[in-house]
Amino acid sequence: IVQLYSSVDWFDYFVRAIQRNLVDIENVLEVLKEEQEVSDSPDARELEVTDGAISFNNVFFEYVPNQPILKNISFEVPPGGTVAFVGPSGAGKSTIMRLLLRFYDVCSGSIIIDGQNIKDVTQESLRKAIGVVPQDTVLFNDTIGYNIKYGRLQSEEDDIIEAAKGADIHDKILTFKDKFATEVGERGLRLSGGEKQRVAIARTLLKSPHIVILDEATSALDSKTEQNIQKSLQRVCSGRTTIMVAHRLSTIIHADQIIVLSEGKIIERGRHSDLLEMDGVYASMWKLQLSSNNRNEMESS
Ligand code: ATP
């Protein structure tokens with residue numbers, strides 16, 4: 001046994017196991033940096049997702065005592081609908097996503113999925129129901145195929161190919177030296193930001209969750225890549241309840257509801273056209289982005 005499980009093998013196995021778990025966790029909005037704050041209640045049940053309706057009801061939250069971060073947040077996402085959050089840095093957008101994944105418990109109020117308070121369900125079943133497409137996807141030091149398969153480890157090869165196609169990365173993979181067996185990550189092929197995001201989309205397509213959290217990348221991709229990514233993002237959100245953090249307002253024109261967050265409070269909400277009509281904060285953000293887009297276009301032409 002000592003020979004079979006030489007310390008080196010064991011160490012390698014151990015490191016890989018840890019690495020896999022860490023990347024998984026890290027993917028979910030960098031929870032690594034945060035401590036494990038919640039535990040399952042002794043009589044926690046499995047979350048049963050029927051339609052994927054989400055509601056936040058008068059949610060208050062603070063990371064540290066007496067420093068309120070979210071103040072009385074209420075909203076609903078209907079089954080298959082999309083709600084997008086916008087607002088300045090530090091407004092609390094990512095915190096809402098973290099609470100939905102239950103990395104923290106709300107201080108008061110409730111978060112309900114299909115009639116079940118997320119406090120009363122197992123974290124495992126909650127996170128199984130939610131797919132996350134993060135800003136910056138962390139890749140394993142493994143093959144690109146494995147990196148996609150990670151969305152659902154029981155997947156067959158055909159499913160992985162299908163997901164790669166859905167995420168619009170299949171043809172690219174075929175140009176790699178070892179195709180799906182190409183090593184990526186720190187020690188392998190370095191993927192671009194757009195390609196990494198496609199891997200996250202492919203994983204989520206495989207996972208096929210009822211609910212999708214989309215954390216739009218702040219870093220600008222070139223407009224062609226951007227358009228292509230939008231198509232695969234639409235594919236991954238289609239028919240799924242989607243809650244997203246948006247930075248480019250052009251991507252949320254069709255959202256069922258846009259919520260403008262500032263200092264932990266909802267200051268405006270409505271559809272894109274309603275908010276433009278309101279001529280408030282959202283409308284000025286929109287004008288600002290339009291003029292900076294025009295400027296960029298003029299500079300690049
Ligand atoms: P950005 O657009 O920059 O990502 P955001 O709107 O997503 O910002 P959050 O990440 O939700 O903002 O942060 C909201 C506030 O909570 C910020 O003031 C931030 O400093 C604070 N905060 C975030 N995480 C923690 C933490 N773990 N402990 C204490 N404060 C935190």
Side-chain angles (χ1 to χ4, degrees), residues 22 24-39 54-75 77 82-111 118-119 123 126-127 130-138 193 196-197 200 211-221 226 229 233 237 242-252 255 257-270 275 280-282 284-286 288-289 292-293:
L22 287 190
D24 184 27
I25 297 169
E26 206 173 356
N27 261 333
V28 192
L29 303 179
E30 295 182 86
V31 72
L32 247 191
K33 292 185 192 144
E34 292 148 22
E35 291 164 35
Q36 186 72 18
E37 296 270 336
V38 298
S39 46
I54 304 173
S55 71
F56 273 56
N57 309 294
N58 308 101
V59 168
F60 285 81
F61 177 72
E62 53 194 28
Y63 289 101
V64 258
N66 303 320
Q67 288 181 23
I69 298 293
L70 295 179
K71 303 156 192 162
N72 204 14
I73 299 296
S74 298
F75 65 91
V77 200
T82 300
V83 167
F85 285 87
V86 298
S89 178
K93 305 179 296 290
S94 308
T95 303
I96 290 181
M97 312 299 149
R98 291 184 198 122
L99 292 183
L100 179 61
L101 288 160
R102 202 170 165 231
F103 291 138
Y104 301 91
D105 275 327
V106 299
C107 297
S108 67
S110 61
I111 302 174
I118 63 167
K119 259 187 171 170
Q123 293 169 72
L126 174 69
R127 290 173 199 160
I130 304 176
V132 182
V133 180
Q135 278 206 25
D136 194 16
T137 302
V138 182
K196 282 199 285 187
Q197 203 175 21
I211 297 167
V212 174
I213 291 181
L214 208 67
D215 194 2
E216 194 175 62
T218 27
S219 52
L221 302 165
E226 176 72 39
I229 292 247
L233 283 177
C237 298
T242 304
I243 165 162
M244 70 181 286
V245 175
H247 298 285
R248 281 179 294 285
L249 305 184
S250 56
T251 60
I252 53 170
Q257 185 170 203
I258 297 167
I259 296 181
V260 185
L261 214 60
S262 174
E263 294 177 9
K265 283 197 213 131
I266 296 178
I267 54 167
E268 284 175 19
R269 65 167 92 204
L275 293 174
V281 175
Y282 181 83
S284 45
M285 286 167 72
W286 176 252
L288 206 68
Q289 285 209 351
S292 84
N293 287 352

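Whatever order the structure lists ligands and atoms in, that order sets their numbers, starting from 1.
Taking a 4.0 Å cut-off on heavy atoms, I69 registers as neighbouring ligand 1. At a 4.0 Å cut-off, not a single heavy atom of G87 sits close enough to ligand 1 to count as contact. Using a non-hydrogen distance threshold of 4.0 Å, P88 registers as a contact of ligand 1. Ligand 1 has at least one atom lying under 4.0 Å from a heavy atom of R98.
Closest approach of R102 to I118, counting heavy atoms only: CD-O, 3.4 Å.
Rounding to the nearest 0.5 Å places CD1 of I252 at 10.5 Å from OG1 of T82.
Every atom of ligand 1 with a heavy atom of S89 under 4.0 Å away is listed here by number and element: 1 (P), 2 (O), 3 (O), 8 (O). Near T95, with a cut-off below 4.0 Å to any heavy atom, the atoms of ligand 1 are 9 (P), 11 (O), 13 (O), 14 (C). Close contacts between ligand 1 and Y104 involve ligand atoms 27 (N) [criterion: under 4.0 Å to a heavy atom]. Residue S94 has at least one heavy-atom neighbour below 4.0 Å for each of these atoms of ligand 1: 4 (O), 5 (P), 7 (O), 10 (O), 11 (O).
Counting heavy atoms closer than 4.0 Å to ligand 1, residue F61 contributes nothing at all.
You'll find the side chain of F56 reaches within 4.5 Å of the side chain of L100, heavy atoms only.
Screening V133, V245, I243 for a side-chain contact (heavy atoms from CB on, under 4.5 Å) involving D215 leaves a single residue, V245. Each of H247, E216, Q197 was evaluated against Q135; a single residue qualifies, H247, per the side-chain contact (heavy atoms from CB on, under 4.5 Å) test.
Taking the six-membered ring for Trp and the full ring otherwise, the centers of F85 and F75 sit less than 6.0 Å from each other.
The heavy atom nearest to atom 18 (O) of ligand 1, out of those in P68, G90, G92, G264, is found in G90.
The number of heavy atoms from other shown groups lying within 6.0 Å of CD (Q289) is above 12.
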